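In this text, all values refer to a predicted model and were calculated from it rather than measured experimentally.
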Amino acid sequence: MASGIAQTIIQIDGSFCEGGGQLLRNAVTLSALLSKPISISNVRRNRRPPGLRRQHEAGINLAVSICSAETKGVEVDSTAIDFRPGPIQLPKTLTADPGTAGSTTLLLQVALPCLLFNSPSGNQISESQTSHDNVTATSVLTLRGGTNASLAPQIDYTQSILFPFLSKHFRIAPTLTVNRRGYYPKGGGSVLCTVPSITGPLPPVVLTERGQVNAIRGGARVGGLPLWIAQRMVSGAHRALLASGIPSAKISITSVRERDEDVVGAGGGILLWAETENGCLIGGSAVSTREKKPETVGEDAARELVRNLDYGGCVDEYLQDQMIIFLALAKGTSIVKVGPLTDHTR
């Protein structure tokens with residue numbers, strides 16, 4: 001029989017602060033990990049339209065598959081859900097597909113933390129778990145949808161910034177392979193992710209000194225479009241970086257056109273990141289649109305990177321909120337220097 005604590009339903013107001021999908025994703029993930037049932041009202045109240053979209057429905061159902069949860073209200077347009085998690089038994093082999101261009105990286109935000117901890121007792125993170133040196137199982141996750149979408153991290157950000165950060169500071173080693181790019185409005189992308197589980201809590205992170213910028217790297221990619229669009233994104237980014245005072249010798253940005261058979265739809269994007277002497281990665285990115293010249297897309301990514309560098313933090317504004325749940329799962333006190341707090345972080 002479940003304990004009285006486990007049966008206490010935690011009430012969450014989904015309109016709090018940013019009132020969007022991030023609160024929903026983190027709440028469901030922590031519910032699964034801690035085996036605590038939750039009830040969320042006013043789901044995505046601050047978004048238009050409010051309520052669940054197909055992407056959020058798919059993300060919650062992915063969490064259901066991981067922890068055998070019972071749910072109520074998990075359907076498109078719903079503004080209230082109940083989530084009663086069961087035990088997490090790993091490894092898992094799972095597929096999530098919203099059937100839209102919904103972001104694959106946002107689906108991953110729900111699943112990744114849940115696939116780290118395996119506990120037959122259902123008490124996912126106990127005080128007795130003091131070591132995570134023994135990897136116990138590897139789950140395999142196939143995510144379908146959009147790979148390079150606005151209002152979400154591009155899959156390239158996850159590959160080049162988030163996963164290296166998790167590996168270096170938490171010593172966890174998920175892998176990610178982009179088998180097919182999917183662009184708005186068709187979606188259709190396919191991403192394969194492997195997640196080794198661990199046997200104890202994550203270590204705390206102390207990251208307070210960024211150090212000097214050693215290099216600016218990145219890449220512009222297009223699919224279903226001519227290569228020159230990616231090349232002009234690179235030109236715009238290079239020009240904006242030079243204007244900000246970054247020496248040309250430190251800048252290395254590639255341009256790539258995906259093979260037609262590796263793409264659904266047509267689109268593109270650019271990701272830039274700064275590498276510092278203390279191993280920090282600071283990113284800036286932009287997605288191509290019909291309304292913007294390719295050079296402008298590149299300039300936008302460069303300006304975002306420079307803005308994050310000017311903040312003086314050890315992580316950028318997007319890693320800032322993505323790392324929070326991992327810091328919360330760490331045993332001990334973490335200290336990370338960041339720029340201004342975003343609504344997602346709050």
Side-chain angles (χ1 to χ4, degrees), residues 1-90 92 94-115 117 122-125 139 141-146 149 151-152 185 187 321-322 324-325 328-329 343-346:
M1 179 179 294
S3 69
I5 293 177
Q7 290 300 305
T8 301
I9 299 177
I10 299 173
Q11 302 291 330
I12 298 173
D13 184 351
S15 68
F16 179 75
C17 200
E18 57 99 19
Q22 188 74 1
L23 187 154
L24 177 72
R25 287 186 290 273
N26 282 350
V28 168
T29 299
L30 289 171
S31 172
L33 285 167
L34 301 175
S35 292
K36 293 183 180 293
I38 59 174
S39 180
I40 307 178
S41 60
N42 297 319
V43 171
R44 297 184 68 251
R45 183 174 179 176
N46 297 343
R47 298 292 185 262
R48 294 294 178 267
L52 296 181
R53 300 293 93 202
R54 291 179 68 178
Q55 172 183 291
H56 308 106
E57 179 188 35
I60 296 172
N61 285 332
L62 183 56
V64 168
S65 298
I66 294 172
C67 69
S68 301
E70 296 178 358
T71 63
K72 180 180 178 181
V74 180
E75 57 190 22
V76 174
D77 294 330
S78 173
T79 58
I81 70 161
D82 292 343
F83 187 89
R84 293 176 174 268
I88 295 177
Q89 301 286 347
L90 302 178
K92 297 286 189 182
L94 301 168
T95 297
D97 184 0
T100 68
S103 171
T104 52
T105 59
L106 297 185
L107 293 173
L108 183 60
Q109 284 184 14
V110 176
L112 178 57
C114 295
L115 294 174
F117 299 98
N123 181 17
Q124 303 309 321
I125 306 171
S139 295
L141 191 60
T142 299
L143 303 173
R144 299 195 174 108
L151 304 179
D321 72 80
Q322 292 184 72
I324 287 292
I325 195 165
L329 297 173
D343 285 343
H344 276 178
T345 300
R346 293 189 183 96

Are R144 and T95 close enough, and set up right, to give a side-chain contact (heavy atoms from CB on, under 4.5 Å), and what steps lead you there? CA-CA 8 Å; R144 299 195 174 108; T95 297; 3.3 Å; yes
Check the pair T8, I10 against side-chain contact (heavy atoms from CB on, under 4.5 Å), reporting the backbone distance first and the verdict last. CA-CA 6 Å; T8 301; I10 299 173; 5.6 Å; no
Working for side-chain contact (heavy atoms from CB on, under 4.5 Å), residues I325 and L30: CA-CA 8 Å; I325 195 165; L30 289 171; 4.0 Å; yes
Going through the distances and angles, do L329 and F117 end up as a side-chain contact (heavy atoms from CB on, under 4.5 Å)? CA-CA 10 Å; L329 297 173; F117 299 98; 3.9 Å; yes
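Once rounded to the nearest 0.5 Å, the distance linking SG of C67 with NZ of K92 reads 8.5 Å. Separation of atoms CG (N26) and CG (L33) is listed at 10.5 Å; rounding is to 0.5 Å. The line from CG of L108 to CZ of R25 is 11.0 Å long, rounded to the nearest 0.5 Å. Rounded to the nearest 0.5 Å, atoms CD1 (I9) and NZ (K36) are 12.5 Å apart. With values rounded to the nearest 0.5 angstrom, L106 atom CG is found 9.5 Å from L151 atom CG. Taking CD1 from I88 and CD1 from I66, the interatomic distance works out to 7.0 Å, rounded to the nearest 0.5 Å.
Contact of the L141 side chain with the L62 side chain is registered, since non-hydrogen atoms from C-beta on lie closer than 4.5 Å. Side-chain atoms of L115 and L90, non-hydrogen and from C-beta on, do get closer than 4.5 Å to each other. Taking 4.5 Å as the limit, some side-chain heavy atom of P85 sits within range of a side-chain heavy atom of P37. Inter-residue side-chain proximity for L107 and P98 is flagged as met; some heavy-atom pair is nearer than 4.5 Å. Between V64 and F83 the shortest side-chain heavy-atom distance falls below 4.5 Å. Between I40 and I38, some side-chain heavy-atom pair lies under the 4.5 Å cut-off. Taking 4.5 Å as the limit, every side-chain heavy atom of L94 sits out of range of all side-chain heavy atoms of S139.
Residues Q22 and D321 approach most closely at NE2-OD1, 3.1 Å, considering heavy atoms. The shortest heavy-atom contact between L52 and G73 is CD1-O, 3.9 Å. Taking both residues in full, the closest heavy atoms of C114 and A32 are given as SG-CB, 3.9 Å, listed atom of the first, atom of the second, then distance. Nearest heavy atom pair, residue H56 against residue L24, reads CB-CD2, 3.8 Å. Heavy-atom minimum distance, A63 versus V110: CB-CG1, 3.9 Å.
In the model, D82 has a side-chain atom that pairs as donor or acceptor with a side-chain atom of S39 under 3.5 Å.
Among residue pairs with one or both ends in residues 66-81, those qualifying as side chain to side chain donor-acceptor pair (under 3.5 Å) are R53-D77; sequence neighbours excluded.
In terms of modelled atom types and a separation under 3.5 Å, the side chain of S65 and the main chain of N61 share a donor-acceptor contact. The main-chain N or O of S103 is found under 3.5 Å from a side-chain atom of Q55 such that the two form a donor-acceptor pair. Of the possible donor and acceptor atoms, one in the side chain of N46 sits under 3.5 Å from a partner among the backbone N and O of S15. Between the side chain of R44 and the main chain of G51, a donor-acceptor pair closer than 3.5 Å is present. Side chain of T104 to main chain of G146: a donor-acceptor pair is present (N/O by atom type, distance under 3.5 Å, no hydrogens or angles).
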